[in-house]
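Right, one structure below, let's go through it.
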There are 2 protein chains.
Amino acid sequence: MSTAIIRKLEALHPLPEEDKTLLHAVIGRGRSLKAGEDIVSEGDHTDTVHVIIEGHGYRYKTLPDGKRQIIGYLVPGDFCDLYGFLLDKMDHGMAARTPCQVAELNEDHILMLTSRPALARALWWSELVNAAILREWLVNMGRRTPSARVAHILCELLVRLQVVGQATDDSFRLELSQAELGDTVGLTTVSVNRALQRLRGAGLIVSAGRGITIPDVAALKAFAEFDPAYLHFRQDREERP
Amino acid sequence: MSTAIIRKLEALHPLPEEDKTLLHAVIGRGRSLKAGEDIVSEGDHTDTVHVIIEGHGYRYKTLPDGKRQIIGYLVPGDFCDLYGFLLDKMDHGMAARTPCQVAELNEDHILMLTSRPALARALWWSELVNAAILREWLVNMGRRTPSARVAHILCELLVRLQVVGQATDDSFRLELSQAELGDTVGLTTVSVNRALQRLRGAGLIVSAGRGITIPDVAALKAFAEFDPAYLHFRQDREERP
DNA sequence: CGTGTAGTTGATAGAAATCAAATCTCGTGG
DNA sequence: CCACGAGATTTGATTTCTATCAACTACACG
């Protein structure tokens with residue numbers, strides 16, 4: 001089902017019915033990936049565009065000494081490498097964190113999609129958002145405390161999962177390990193663990209086993225200085241005139 | 001003179017003569033900005049595209065407590081906000097670090113440029129590079145030591161300035177204050193100062209007054225784990241088959 | 001020749017990394 | 001059903017690093 005993709009794109013720009021039909025037709029069922037598998041590996045060339053239908057993944061870079069930095073999360077509806085076929089080699093890898101369904105579109109499919117004005121605009125927006133997320137992460141790493149960093153990531157995932165219907169108003173299922181969180185915010189697992197404890201202690205999050213609940217979303221957002229404007233979703237654009 | 005712009009775009013994708021002529025015609029002389037002035041402010045809407053003709057700038061975000069995070073440098077040839085007119089509000093600011101000449105293109109100009117296949121491709125590449133730089137900076141902040149972080153930024157600036165003819169093989173003029181470097185790599189000025197001292201002590205850079213020289217570029221790149229591949233310049237693409 | 005900005009230095013407190021080990025979770029096979 | 005093992009989380013002790021604070025110096029500019 002390509003509903004997540006449509007939900008995400010429509011959160012960025014409204015789509016006429018024909019465009020949604022076209023999307024359904026083009027996306028299909030997708031390929032299944034096991035947890036841990038690479039969607040596209042660092043240094044690979046790809047001439048297809050990968051789209052997450054189901055499951056969660058991340059973008060990463062590996063350093064010479066084996067350390068890893070996660071540079072983005074992939075959730076249902078996300079286009080992994082809209083630009084990819086232009087590049088000779090991917091400058092970062094993408095991996096499935098959970099089992100995933102991933103569609104692979106070829107250049108013709110993409111041309112078909114981008115020849116529709118509304119779709120082209122939605123896709124273009126999605127790339128702008130990707131860049132905006134990177135900028136926000138940079139601020140997060142450079143200038144926030146460990147617990148605020150973790151909180152900020154949680155807020156972002158909450159909003160992004162809400163858009164595709166995978167989170168309620170105040171909770172979502174989190175399969176992120178603390179090691180992955182650490183590789184995301186530039187901390188060790190020990191520090192992430194202690195940051196989570198501080199958040200729990202402050203009553204900002206409720207449990208971090210197999211699903212996390214945020215008792216007071218506004219409080220967590222305030223603590224993390226989270227402003228969803230950078231995600232450029234329509235609902236947030238309209239809120240602020 | 002729009003030579004820097006042409007040099008940068010050609011480093012990404014070759015351009016036919018007509019395209020260069022068009023660029024010259026469209027760019028013009030540009031607007032003068034004083035050091036410290038905003039090119040585009042955070043939260044502003046703009047319906048023109050800003051291009052750096054001369055001078056250096058940076059992208060930044062300001063936090064509620066007044067702290068600042070620099071999220072990118074702007075050097076001659078860079079398009080600041082190719083996408084800008086799509087956005088209702090800019091999610092980050094751009095400022096001139098030195099006196100700048102900045103061209104302002106309107107939507108018609110951009111359409112004119114993007115209707116030329118080679119130019120469209122070069123501009124598209126330049127956006128891919130912008131995103132790639134952000135990813136690399138994330139790795140830098142998350143996983144490298146303070147002196148490696150600083151060294152990495154220096155390497156990036158060296159290469160980017162070389163492309164537009166503002167750096168020799170091993171030196172360039174650096175007007176970056178240590179405070180700015182700190183806001184870039186997430187350190188205090190004191191730590192930046194000490195990181196620079198370590199780099200000087202190791203013989204990796206030579207002086208950091210009004211121009212810095214890198215006695216052994218390869219050594220600095222190795223120390224910073226700098227691989228120019230992420231900048232996707234043609235010369236580097238061809239080096240690695 | 002003062003004044004302001006940027007750079008440098010030293011001392012100290014606080015925070016995160018590191019190291020090592022204990023505990024917990026959960027799927028698997030006996 | 002229970003024991004077992006791999007991987008994840010948690011904890012405590014210790015070391016190392018960075019932020020912070022507070023001078024002090026160097027230098028450009030009016």
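All values reported here derive from a predicted model rather than from experimental measurement. Just so you know, these numbers use all the heavy atoms, side chains as well, and skip hydrogens, waters and symmetry mates. The chains referred to below are lettered A, B, ... by the order of the sequence lines, with proteins before strands, and numbering in each begins at 1.
Put simply, CG on B:L196 is 15 Å from P on C:dA6, counting in whole angstrom units. Going from atom CD of A:E180 over to atom C1' of D:dT9 covers 14 Å, rounded to whole Å. Atom CD1 of A:I212 is separated from atom P of D:dT9 by 13 Å (rounded to the nearest Å). The nearest whole Å value for the distance from the CE atom in B:M141 to the C1' atom in C:dA16 is 16 Å. Counting to the nearest Å, the C1' atom of D:dC27 and the CD atom of B:E175 are 17 Å from each other. Rounded to a whole Å, the CG atom of A:D65 is 15 Å from the C1' atom of C:dT18. As a whole-Å value, the separation of B:K67 NZ from D:dT20 C1' is 12 Å. Atom CG in A:L174 sits roughly 14 Å away from atom P in D:dA8 (whole-Å rounding).
The two residues B:R143 and A:D183 come nearest to each other via the heavy atoms NH2-OD1, 2.8 Å.
B:E225 places no side-chain N or O within donor-acceptor distance of the main-chain N or O of A:P64, the cut-off being under 3.5 Å. A donor-acceptor pair under 3.5 Å is formed between the side chain of B:R7 and the backbone N or O of B:V163.
Here B:G182 lies out of heavy-atom contact (under 4.0 Å) with every strand.
Taking side-chain N and O atoms only, A:T188 has no distance below 4.0 Å to OP1 or OP2 of C:dA16. Between A:R200 and D:dT9 there is no side-chain polar atom (N or O) within less than 4.0 angstrom of OP1 or OP2. Listed pair B:N193 / C:dG7 fails the phosphate criterion, with no side-chain N or O lying under 4.0 Å from OP1 or OP2. In this model, the phosphate group of C:dA17 is approached by a side-chain N or O of A:S191 to a distance below 4.0 Å at OP1 or OP2. OP1 or OP2 of D:dT11 lies within a sub-4.0 Å distance of a side-chain N or O belonging to A:Q197.
Comparing A:T189 and A:R143 by the nucleotide of DNA chain D whose heavy atom lies nearest to each, the residue mapping closer to the 5' end is A:T189. Where A:R198 and B:A179 meet DNA chain C, the nucleotide closest to each residue was compared, and B:A179 sits on the side nearer the 5' end.
For B:P146, whose side chain is taken as the heavy atoms from C-beta onward, the closest listed nucleotide among C:dT8, C:dC19, D:dT18 is D:dT18. The listed nucleotides are C:dA16, D:dT11, D:dA8; the one nearest the side chain of A:L187 is C:dA16.
By the 4.0 Å N-to-carboxylate-O rule, B:D91 lies too far from B:K61 to be salt-bridged with it.
Note: A:H152 and A:Y230 have parallel aromatic rings, judged against thresholds of 30 and 60 degrees for the angle between ring planes.
Between the side chain of B:R194 and the base of C:dG7, no donor-acceptor pair of N or O atoms lies under 3.5 Å.
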